[in-house]
Amino acid sequence: MRFFYQLSAIVIVTLLAVLGWDLSSRRVSHGNKELIIYAGMFGPGEPVQLLYSGPPAGLEPEHPFGAQAAGHYAALAAAWPEMATKVKQRFQAVFQAELPSPDSAASDIGALAEQYRQLDRRYIDRLVAAIGRKDRLQRLELFNAFAELHPQYDLHLIHIFEQLHPAYTVGLFEDFKRRHPQYAIEERWDGRWVLSTNRPRFLTGSDVPDLIAGSLAELRILFRENLALPLDRPLPEESDPVWRSKGILYSASADGGGVPVIDTFNNVALEACRYTINPRDVRENHHPYAAGTRIAYLWPGLIHINVIFYNRAHFRQIGLNPDSPPRTVDEFEDTCRKLLKAGIEPIAQDGESYLENWWLDLSNRMVGYDELLKSCSGYGPRFAGSNADKRYLDVAERLRRWRNEGFWMKQFSASKWPGAQRDFGAGKCTFLFTGTWLPAEIAQTRSYDPKVFDLSCFIFPGCPEGTGNPRAITASAQGHAITRQGRNHKGAAALLNYLSTYGAELEGTELHYISARKGVPLPPEMAALGPILAEAKPGDIITDGILGDLPMFTKFVLLESVAQFMPIRSDNLTPEEFCQTMERKAQELYAKYGKGM
Amino acid sequence: MIVRGKHPGARQAAVALVLLAPTLVLFGVFMVWPAIDALRISLYNWTGFSPRPEWVGIRHFRDMFGATVWGMGVPFLLALAVALAAAGLLNWRSGRQTEPTLWQRRQAKWAWWPALLILCAWLAWWLYGTQDGDDFFRWCVRNNFKLMFVGGLFNFAFAFIFAAGLSMANFKAAKFYRTMIFFPSFISAVGVAILWQRVYDARGGLCNEMIQGVADLVSRAISVVHPIHLTIEPIEWLSSDNMFNSVIAAAIWSGVGGEMILLIAAIQRIPPTFYEAARVDGANERQVFVHITLPMIKEVILITLTLWVIGSLKVFGLVQAMGIDQDQTSSVVSTRQYELAFSNRDNIYQMGYATAMAVVLLVLIVIFALGLRLFKSEEELEF
């Protein structure tokens with residue numbers, strides 16, 4: 001028995017020690033700083049995570065210019081002749097070779113040298129001392145010195161620093177912590193299942209993230225259950241006078257211009273970040289706002305729009321003007337036929353991803369979103385039966401014709417993500433209907449030969465015989481929600497304010513996303529969307545579409561029916577059967593959960 | 001341990017309880033309580049976020065099986081109750097015997113068969129005889145069963161053939177082949193899925209390339225007499241029609257090695273004297289296999305089958321990573337559960353309904369695992 005007691009004592013002491021360490025580790029690492037708990041929807045190593053966090057610890061480069069930057073040494077030597085000898089010595093120390101003459105180095109030495117010449121002399125001294133030294137810890141020291149000595153770069157600070165130090169990247173969080181030393185950030189990169197990961201925390205109320213990243217559709221459950229703070233509504237319980245009277249989004253923008261942060265976002269982004277309170281939210285979740293109210297719960301970050309990407313190289317190949325993509329579905333059909341005649345598969349498509357978007361967007365153009373929403377909710381014309389709107393059958397028949405004519409790539413039914421994306425990038429197919437996140441995903445994988453792959457996009461073509469708005473775009477927003485149970489609302493808002501002010505351009509230029517912030521240029525692949533975004537009115541923007549407004553209908557009616565209609569399989573439905581199946585499943589859904597779900 | 005005192009048994013029990021307490025507490029907190037709580041959650045409508053779940057009683061189970069099936073469940077339940085009562089009575093009587101005969105023990109065990117058959121009949125009727133209830137869920141259960149029976153048959157057949165072949169004394173490269181066949185068992189389910197996705201790719205995947213390669217060879221051979229080029233239309237291995245069969249093939253590829261190792265271990269455990277004695281008595285290879293090898297490894301066969309049954313009903317990673325979406329033809333119960341409970345892609349969080357599915361899955365696993373125990377021998381072989 002004695003041994004048993006001793007063993008038990010050892011186990012208990014060990015458990016207590018582990019528990020004590022776990023409880024104190026946060027205090028040890030963050031000291032007395034105010035903690036902001038950030039839960040991101042991207043996983044470790046993804047571009048957004050790297051943009052926010054900076055390089056992973058232990059993988060930081062040793063030298064600021066890296067291995068392929070002889071031009072930077074040459075430009076630095078040219079810009080500061082008195083330092084040239086030292087720079088050459090440093091180069092020799094790093095590469096064990098003579099610094100190449102400027103002619104054989106980078107061609108834009110002159111412009112680069114001019115940029116180095118603009119820098120403060122004190123910084124140049126530090127930089128020259130650093131370039132020959134192997135030190136993985138000097139990156140942040142150099143950046144902090146750079147930031148301190150060059151306040152004029154303010155908004156573009158990180159971008160310019162990274163241009164002049166090609167091996168170094170600086171995370172937005174690192175810059176935020178430099179600007180706001182009172183805050184520490186605990187990063188949780190939970191990936192796409194960020195909500196599920198944090199669900200126990202929401203339930204227990206402990207360790208709840210202060211802000212949580214995701215799209216409006218993904219985070220909708222937080223808004224429904226009143227677990228997130230409304231951002232454009234007064235918050236009487238908060239101490240900040242602006243928050244109390246107007247709302248968080250009316251705080252001054254972080255760049256010091258005095259402009260309320262809400263005015264720095266474009267209309268599409270703001271609209272796409274608004275959630276309409278559902279009667280069920282009020283009834284079941286005791287939501288404090290009236291049904292029908294549209295509230296911005298998501299702090300805008302990026303905008304995703306459903307567009308058809310196309311390969312301009314194929315347009316040139318078949319003799320079409322690459323700058324004038326199809327405007328109507330008939331023109332789209334003609335283009336597809338021309339492509340088929342030229343031996344090119346028109347549409348890259350996986351057998352499961354986003355198939356429903358063809359039906360949704362064609363229906364939007366044909367009957368209009370409001371009418372479609374009514375039909376899907378159960379309050380409008382039906383898909384089949386005596387009260388049917390025949391145009392739904394027209395949509396299904398048109399889609400079946402497209403499939404029968406071979407518009408979708410061969411064997412698309414068996415293709416799994418990212419098969420279609422791969423074939424599209426390889427120049428095998430001309431069109432790909434997806435969200436504007438595509439360029440960011442493509443940029444991660446490989447560089448494409450512009451002769452075979454020249455990317456641009458257009459919004460879903462209009463339907464001449466339809467009554468839908470031909471300019472309507474289905475947009476979804478990605479951003480951040482501030483959680484009600486989070487302990488540091490102030491810090492969370494400060495971080496978001498910083499991210500949307502200082503990170504917007506980087507997200508556009510480095511990751512090829514469309515920023516929610518006004519004035520940030522669109523990535524070149526999506527430049528054609530510029531006028532559409534600039535002129536879009538609230539009525540032109542469909543926030544998340546049916547997927548967002550009626551998630552139950554989408555899942556249990558639309559997706560299941562589409563899976564039996566769009567791909568090629570043995571139990572495939574005819575257009576009539578598809579409409580009947582939609583109707584049957586819709587009625588089953590209404591009977592089970594009620595209408596408008 | 002020396003036990004003194006008036007009630008040595010009680011003291012011994014108390015000591016045992018103290019020693020077992022930590023394990024019992026941990027088991028209770030982390031295994032028993034969650035199982036009971038799962039049963040509770042299955043009776044609620046709950047997103048998993050709200051602290052206010054809505055009580056719905058058995059509605060989730062009714063939705064799953066449908067009102068008709070639910071109603072028809074009453075006669076089945078009555079029949080089941082009668083069968084269970086009869087089996088219980090027989091077993092109770094057999095248990096009262098101080099030394100029941102082999103025949104009595106067998107009788108007691110066979111008494112459970114009617115109950116099992118009634119359950120299977122009800123299940124088969126629900127799966128194939130009705131259109132009622134959650135159609136998607138029914139498809140998922142069918143797929144689980146397909147993996148269990150079809151996959152299990154092939155998996156066991158391959159494992160048995162490999163084990164028998166590799167156990168032959170004169171097989172020189174046995175170790176090499178054993179390692180090669182066992183190797184896929186080391187790969188995680190996601191790794192297997194990604195690998196097989198590439199193999200099955202309709203556009204340039206290994207399967208179709210091999211088929212076309214064979215066609216090219218045949219074309220070349222025929223071209224000697226008549227110029228021809230055979231082009232095979234690529235097979236869509238991952239289309240909805242073929243998807244689940246492709247998953248089963250991948251599951252067999254990754255599962256056969258583990259089963260084979262268990263069977264090899266069992267075969268090699270059999271003392272060679274048994275074989276020698278049989279051969280001295282004039283038994284041929286088939287008789288040796290049927291009368292010595294099979295009975296001696298029967299227990300291990302039952303274990304491998306039980307593991308396969310449990311694994312095929314619980315399968316998740318492989319099916320999920322092979323790329324399911326909204327398609328019922330290629331989903332299984334666990335993937336559906338996950339989709340309903342955790343997937344934020346659709347923004348639907350049906351924790352209660354998904355937990356009800358978990359309860360049904362647990363019941364199915366228990367039924368089939370216990371069913372397999374009915375094949376257990378009554379005679380204990382010791383060697």
Side-chain angles (χ1 to χ4, degrees), chain A residues 1 4 8 11 41 192-196 199-200 202-203 205 214-215 217-222 224-225 227 284-286 350-353 355-356 409-417 419 422-423 428 544 547-548 551-552 554-556 558-560 562-564 567-571 585 588 592, chain B residues 1 15 18-19 21-22 45-54 59 63 134-136 139 193-194 197-198 200-205 208 233-243 246 321-331 338-351:
Chain A
M1 285 305 282
F4 171 72
S8 303
V11 168
M41 65 160 289
R192 303 297 184 276
W193 313 115
V194 61
L195 270 187
S196 295
R199 180 151 49 177
F202 282 108
L203 270 179
S215 70
E218 286 163 343
L219 300 183
R220 194 169 290 254
I221 188 79
L222 297 184
R224 288 198 58 207
E225 306 240 2
L227 292 168
E284 292 178 8
N285 302 318
H286 312 291
D350 284 330
E352 52 182 21
S353 335
L355 266 171
E356 68 284 359
M409 70 187 207
K410 286 175 187 158
Q411 290 93 37
F412 82 94
S413 304
S415 176
K416 302 284 170 195
W417 183 89
R422 201 174 51 220
D423 286 356
K428 291 181 185 169
D544 282 327
L547 171 66
M552 303 285 260
T554 306
K555 186 169 183 68
F556 297 115
L558 180 61
L559 295 181
E560 288 181 13
V562 162
Q564 283 181 277
I568 300 164
R569 50 190 263 184
S570 54
D571 62 342
K585 283 183 181 282
E588 283 171 10
K592 197 167 168 185
Chain B
M1 186 183 289
V15 171
V18 169
L19 290 171
N45 226 353
W46 188 39
T47 59
F49 285 90
S50 167
R52 298 176 295 271
E54 178 200 357
R59 199 181 83 189
D63 288 347
D134 184 344
D135 201 38
F136 206 115
W139 265 98
I194 291 168
Q197 257 188 357
R198 292 292 170 96
Y200 287 137
D201 195 340
R203 293 158 75 91
N208 284 340
E233 187 67 22
I235 299 170
E236 298 187 346
W237 300 101
L238 295 179
S239 70
S240 304
D241 282 339
N242 302 327
M243 173 79 180
S246 305
M322 278 286 265
I324 59 122
D325 206 51
Q326 304 299 329
D327 197 349
Q328 57 194 17
T329 55
S330 51
S331 294
Y338 181 73
E339 206 183 311
L340 293 178
F342 300 111
S343 170
N344 54 344
R345 186 184 48 189
D346 305 308
N347 189 35
I348 290 169
Y349 295 90
Q350 295 186 322
M351 186 61 103

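Values below: every heavy atom of this structure, side chains too, minus hydrogens, waters and symmetry copies. In what follows, chains are A, B, ... by sequence order, proteins preceding strands, each numbered from 1.
Taking all atoms of both residues into account, the shortest heavy-atom contact from A:Ala414 to B:Ser239 is CB-N, 3.5 Å. The two residues A:Lys592 and B:Asp63 have their closest heavy-atom pair at CE-OD2, 3.3 Å. Taking both residues in full, the closest heavy atoms of B:Glu236 and A:Ser413 are given as OE1-CB, 3.5 Å, listed atom of the first, atom of the second, then distance.
Annotation: maximal heavy-atom pairing with chain B below 4.5 Å, among A:Phe412, A:Phe556, A:Trp417, occurs at A:Phe556. Residue with the most contacts toward chain B among A:Arg199, A:Gln411, A:Glu588, A:Gln564: A:Arg199 (heavy-atom pairs, distance under 4.5 Å).
Annotation: side chain to side chain contact (heavy atoms under 4.5 Å, CB included) contacts of B:Arg198 (sequence neighbours excluded): A:Arg422. Remark: B:Tyr338 engages A:Trp193, B:Phe316, B:Phe342 in a ring-ring contact (aromatic ring centres under 6.0 Å, His included) (not counting sequence neighbours).
Taking the side chain as every heavy atom from C-beta outward, B:Gln350 and A:Met552 approach each other to under 4.5 Å.
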- Task: Carefully, step by step, assess A:Lys410 and B:Glu233 under the rule side-chain contact (heavy atoms from CB on, under 4.5 Å).
- Result: CA-CA 10 Å; A:Lys410 286 175 187 158; B:Glu233 187 67 22; 5.5 Å; no
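Contact annotation for A:Pro567: neither backbone nor side-chain heavy atoms come within less than 4.5 Å of a heavy atom of chain B. Heavy atoms closer than 4.5 Å to chain A are found nowhere in B:Ser246, neither backbone nor side chain. Interface residue A:Met409: backbone and side-chain heavy atoms are both found under 4.5 Å from chain B. Only the side chain of A:Asp423 comes within less than 4.5 Å of a heavy atom in chain B; its backbone stays farther off. Proximity to chain A (any heavy atom under 4.5 Å) is shown, for B:Glu54, by neither the backbone nor the side chain. Both the backbone and the side chain of A:Ile221 come within contact range of chain B, with heavy atoms under 4.5 Å apart.
Summarising the geometry, atom CZ belonging to A:Arg569 is positioned 4.5 Å from atom OG1 belonging to B:Thr329; distances are rounded to the nearest 0.5 Å. Atom CD in A:Glu225 sits 10.5 Å away from atom OH in B:Tyr349 (nearest 0.5 Å). Atoms CG and OG, from B:Asp201 and A:Ser415 in turn, are 7.0 Å apart once rounded to the nearest 0.5 Å. To the nearest 0.5 angstrom, B:Asp241 atom CG is 6.5 Å from A:Asp571 atom CG.
Few gaps surround NZ on A:Lys585; more than 12 heavy atoms of other groups in view lie less than 6.0 Å from it.
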